[in-house]
Each structure stands twice: as C-alpha cells, then as structure tokens.
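Read the numbers this way: they start at 1 and go in the same order the structure lists the ligands and their atoms. FYI, the numbering just counts along the sequence from 1.
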Amino acid sequence: MSANRRVWYQHPDGHAIASDDLIVLPDGRAVRPTPIRCPAGHIYQSAGVTVGWTACRPDEGSCNGHLVHTCRQCGGRVFQPLLKPGCSPIAFDGRES
Ligand SMILES: [Zn+2]
Ligand SMILES: [Zn+2]
C-alpha cells in the first residue's frame, strides 16, 4: 500500500479530503470533489490542468467512464472515479490503444 499515490481532493466548502467519493450537498446535488494535486505532487491550480472525459472498457462489471484531470506540467492524470481492477480507459486523444 505504501506505493499507492496519495491524491487529495477539495471539498466544495474548501477543505482537503482524502477520498473522491460523491458528496451530497444540502440542496441534494451530488458532486465529485476536485483533485488538488497531480500524482507527482504538482498543485493543479498553479501547474495548469486539462479536464476531460474518457470512456472505459471494463473487463467486468459496469463502468461508464472517468473524469480525467491531466497535469500540464508532467501529464500526470487523476481519474474519477478511481480506476478499478479491470478498468481500461480509452484514451480521448486517440493516440493510445
Ligand atoms: Zn504534475
Ligand atoms: Zn472504468
């Protein structure tokens, strides 16, 4: 587990949390917390970030795809929801197979 990268997320009210689980707001909307840092530790707001969406071809189970934050400094990506075993995200730039 020590090799796992640690990514922090920003709760809608501003504080940092360690999980990207959906947060239900008082008005009933469910939102994904925003990643604060890329896997290499760059802060997205200062390094620059591209936010996109990728479809996914899971071996089993259901997965509709992932929101992807890509660091403009190093290309590090954070997927939301987190990739599960068997997840196979389809590159949105078409260069990866
Ligand atoms: Zn980075
Ligand atoms: Zn997936």
Side-chain angles (χ1 to χ4, degrees):
M1 292 297 282
S2 59
N4 276 10
R5 37 187 211 190
R6 182 177 296 266
V7 177
W8 289 86
Y9 303 89
Q10 184 154 24
H11 190 280
D13 72 10
H15 63 266
I17 52 178
S19 162
D20 80 334
D21 288 344
L22 284 175
I23 295 165
V24 179
L25 302 177
D27 66 7
R29 283 182 302 139
V31 297
R32 284 268 172 215
T34 308
I36 295 171
R37 293 171 182 271
C38 80
H42 301 122
I43 297 173
Y44 276 136
Q45 268 191 347
S46 52
V49 60
T50 302
V51 181
W53 176 262
T54 180
C56 187
R57 274 187 296 223
D59 290 339
E60 54 187 80
S62 63
C63 182
N64 295 324
H66 302 265
L67 188 66
V68 191
H69 284 67
T70 304
C71 177
R72 288 196 192 140
Q73 205 158 321
C74 74
R77 291 175 177 176
V78 175
F79 293 89
Q80 293 182 289
L82 295 174
L83 297 183
K84 293 176 289 192
C87 264
S88 181
I90 299 162
F92 43 80
D93 62 9
R95 278 174 293 174
E96 299 171 28
S97 56

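Of all the N, O or S atoms in His42, the one closest to the Zn ion (ligand 1) is ND1.
Here the closest heavy-atom approach between residue Pro33 and residue Ser19 is recorded as CG-O, 3.6 Å. Nearest heavy atoms, Arg72 versus Ala47: CB-O, 3.8 Å.
Under the 30°/60° scheme for interplanar angles, the aromatic rings of His66 and Phe79 are found to stand perpendicular.
The Zn ion (ligand 1) lies at the vertex of an angle of 110° between the SG atom of Cys74 and the SG atom of Cys71 (rounded to 10°). The SG atom of Cys87 and the SG atom of Cys56 meet at the Zn ion (ligand 2) at an angle of about 110°, given to 10°.
Under the 4.5 Å side-chain heavy-atom criterion for Ile, Leu, Val, Met, Phe, Trp and Tyr, Tyr9 and Val31 are members of the same hydrophobic cluster.
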